[in-house]
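In what follows, a single structure is set out as structure tokens and then discussed.
In this text the structure is predicted, and so the values were computed from the model without any measurement. A, B, ... follow the sequence lines: proteins, then strands. Residue 1 opens every chain.
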Amino acid sequence: VFSRKRIDDRFWEDTEDILIQGDVGVPTALKIIEGLKADLKESPLRDTAEMPERLKKTIIGILEQERIPPVSTGSPLTVKIIVGVNGAGKTTSIAKLAHKFSESGSRVLIAAADTYRAAAIEQVQIWADRIGVDVVKHERGSDAAAVVYDAVHAAKARGADILIIDTAGRLHTKVPLMEEIRKVKRVVEREMQGAQIETLLVIDATTGQNGLSQAKLFNDALDLNGIILAKLDGTAKGGIILAIIDALGIPVRYIGTGERVEDLAEFEAHAFVDALLS
Amino acid sequence: TLTNRLSDVFRNLRGRGRLSDKDVESAMREIKLALLEADVNYKVVKDFIAGVKEKAVGEEILKSLTPGQQVVKLVSDELTSLMGGSPSTLGLAGKPPTIIMLVGLQGTGKTSLAAKLGLMYKSEGKKVLLTAADVYRPAAVQQLEALGKELDIDVFKGEKDEPALKVAERSYRTADKEGYSILIMDTAGRLHIDESMMDELKSIKTALKPHSVLFVADAMTGQDAVNQALQFDESVGFDGVVLTKLDGDARGGAALSVKAVTGKPVMFVGTGEKPRDLEVFYPDRMASRIIG
Ligand SMILES: Nc1nc2c(ncn2[C@@H]2O[C@H](COP(=O)(O)OP(=O)(O)OP(=O)(O)O)[C@@H](O)[C@H]2O)c(=O)[nH]1
Ligand SMILES: Nc1nc2c(ncn2[C@@H]2O[C@H](COP(=O)(O)OP(=O)(O)OP(=O)(O)O)[C@@H](O)[C@H]2O)c(=O)[nH]1
Ligand SMILES: [Mg+2]
Ligand SMILES: [Mg+2]
């Protein structure tokens with residue numbers, strides 16, 4: 001696209017194509033293009049070679065629109081509730097987060113609150129054993145809210161700094177399942193007196209426009225604090241997070257870049273945009 | 001909906017009697033937006049629009065009292081026929097065991113699908129063996145074993161640290177020797193760009209010569225579905241596709257994209273987490289879901 005010498009209709013079509021290819025979606029792609037056109041009117045290019053930087057600047061502008069309330073302080077313990085649709089990468093992301101915090105000296109506890117899926121608890125336990133972190137768990141089939149209640153109390157009793165809660169995958173359109181996760185969060189809020197709770201939505205980077213629906217419904221149910229964009233090591237660009245930030249102001253906190261416990265990085269806007277446009 | 005958007009486009013037709021080029025362009029744009037919103041790959045959309053445009057300016061549409069509805073029907077019919085027209089079946093091998101190999105990216109629903117297919121065949125009276133050939137993911141083997149136990153279906157698992165290929169080969173010998181008629185192989189999720197993992201699949205396929213390789217894709221996959229499908233088909237080769245998690249609100253445009261670029265049909269859809277949540281794929285139902 002950027003080797004073209006003229007900023008003509010074909011240039012704008014090609015730019016729209018690149019954004020669509022990256023799963024940004026038509027409305028957000030058009031918004032980016034309108035934003036760029038307005039910027040060019042205000043301060044025209046001296047050289048078409050400046051175009052890529054201008055486009056990046058416009059997209060970064062969208063990424064900087066985060067507008068979620070900060071996590072309230074007032075507790076030595078921070079609880080992170082990890083949610084998302086089936087197979088997105090929640091359990092693996094939790095292992096990565098637990099490893100990261102544990103390595104930097106925090107005392108970490110994991111709650112195996114996916115009490116539904118086959119071998120979900122075993123999967124958590126294997127990761128926890130590998131990284132040297134404790135797990136609070138009950139039997140498969142038990143009440144997820146009960147596991148969470150025990151986990152918060154255990155975290156306080158053991159002086160844990162961070163409690164990370166693994167939850168069962170659930171489609172955002174399933175009302176009883178969304179009610180269940182709201183109940184899990186209510187239990188945490190009650191036991192934590194509302195302090196220091198972070199709710200993170202895991203989104204698979206290969207997700208298309210459905211990612212916006214996921215973010216909306218999980219946000220309506222839980223007031224999300226951030227997103228973990230998993231599986232960014234594939235060929236998908238994860239552009240749907242631009243539509244999500246634009247619509248809901250929810251920022252991406254971390255990205256997953258592989259299946260190993262080290263494969264987690266803090267979200268970095270410039271690297272993300274470079275990859276999106278490559 | 002597309003019907004509403006197209007009625008807006010054609011609202012001012014009456015009295016004019018024929019579609020102007022502008023009307024056609026507006027209609028094509030609405031169709032393009034609907035398909036992109038449904039996650040159909042943008043190149044597949046371009047080809048589709050080019051094909052539909054010619055037919056959209058035909059006599060019947062022009063003479064119709066409801067051209068918007070006619071165009072929607074045209075789009076729906078085109079989508080349906082592109083996705084295979086009518087359901088495709090899996091079939092059985094000439095001599096048992098029929099081997100079905102499940103492949104795809106991480107988290108798409110392969111292990112769950114192994115149990116679902118197992119239940120389907122068991123209900124038909126067949127003797128089924130499931131192979132736990134994902135030797136990487138923590139508790140992957142336990143997951144398949146738990147599912148097998150729930151359904152009373154046998155599961156073959158390897159020894160500690162046994163490579164996937166060896167597990168697959170030994171499971172085949174067991175299936176053959178013990179008279180299983182169906183062998184369903186679950187494999188680890190992997191990226192289409194991971195050469196060594198793609199080689200592993202190639203080696204398993206070469207060794208076992210499965211009757212069917214099924215590419216398992218998540219219904220919410222976006223534009224990347226084309227890259228994934230092309231690479232899997234090129235590196236390994238698959239016979240059919242299973243689209244999972246259709247019990248959500250994902251429009252599932254990947255179904256069209258994958259068929260368009262590989263020619264391989266979607267055969268089943270996953271409609272939930274339980275083993276019974278497996279349905280045959282109906283192109284016409286998928287078409288109306290994609291249109292929205
Ligand atoms: N390549 C890659 N694979 C990942 C990443 N994160 C998770 N995975 C893989 O995705 C698959 C699903 O991961 P899980 O952590 O089990 O996902 P989940 O959301 O907990 O799944 P459910 O609990 O069943 O809803 C596993 O095979 C993981 O190894 C990532 O960043 N990159
Ligand atoms: N709602 C819904 N969930 C599904 C469907 N199929 C699978 N799942 C869920 O999706 C998640 C991932 O399923 P798995 O069978 O573990 O996926 P996988 O492809 O084997 O994952 P990897 O082995 O890590 O690549 C689990 O939570 C399943 O219960 C479906 O059709 N609908
Ligand atoms: Mg999980
Ligand atoms: Mg699996």
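Separation of atoms CD (B/Q142) and CD1 (A/I126) is listed at 5.0 Å; rounding is to 0.5 Å. Note: B/D39 CG to A/T207 OG1 = 9.0 Å, rounded to the nearest 0.5 Å. Residue A/D204 holds its CG atom at 9.5 Å from OG1 of B/T108, rounded to the nearest 0.5 Å. The line from CG of A/N210 to CG of B/D218 is 8.5 Å long, rounded to the nearest 0.5 Å. Here the CG atom belonging to A/D17 is positioned 9.5 Å from the CD atom belonging to B/Q223, to the nearest 0.5 angstrom. Interatomic distance, B/Q228 CD to A/T206 OG1, rounded to the nearest 0.5 Å: 6.0 Å.
With respect to chain A, the highest number of heavy-atom pairs below 4.5 Å among B/K46, B/E37, B/E150, B/R137 belongs to B/R137. No other option in B/P138, B/A139, B/G107 has as many heavy-atom pairs under 4.5 Å with chain A as B/P138. Counting heavy-atom pairs closer than 4.5 Å to chain A, the top-ranked of the candidates B/Q231, B/K32, B/H192 is B/H192. The candidate from A/E259, A/K237, A/Q125 with the greatest count of non-hydrogen atom pairs under 4.5 Å with chain B is A/E259. In terms of non-hydrogen atom pairs under 4.5 Å with chain A, the most contact-rich of B/T111, B/N41, B/I193, B/L105 is B/I193.
Atom NZ of B/K259 has more than 12 heavy atoms from other residues, nucleotides or ligands within 6.0 Å. Summarising the local packing, NZ of A/K174 is surrounded by more than 12 heavy atoms from other residues, nucleotides or ligands at distances under 6.0 Å. Shown here is A/E179, whose CD atom has more than 12 heavy atoms of other residues, nucleotides or ligands within 6.0 Å. In this structure, B/K202 places its NZ atom where more than 12 heavy-atom neighbours from other residues, nucleotides or ligands lie under 6.0 Å away. Sparse packing is recorded around CZ of B/R276, with 12 or fewer heavy atoms of other residues, nucleotides or ligands lying under 6.0 Å away. Within 6.0 Å of NZ on A/K183 lie no more than 12 heavy atoms contributed by other residues, nucleotides or ligands.
Between B/K43 and A/Q21, the closest side-chain pair of non-hydrogen atoms is not below 4.5 Å.
Of the two parts of A/L30, only the side chain, counted from C-beta on, holds a non-hydrogen atom closer than 4.5 Å to a non-hydrogen atom of chain B. Heavy-atom distances place no part of B/E145 under 4.5 Å from chain A, backbone and side chain included. Contact annotation for A/V124: neither backbone nor side-chain heavy atoms come within less than 4.5 Å of a heavy atom of chain B. B/L36 touches chain A through backbone and side chain together, each having a heavy atom under 4.5 Å away.
Side chains of A/S213 and B/D249: a donor-acceptor N/O pair is present below 3.5 angstrom, by distance only.
Shown here for A/L171 and B/K245, the closest heavy-atom pair between the two residues is CD1-O, 4.4 Å.
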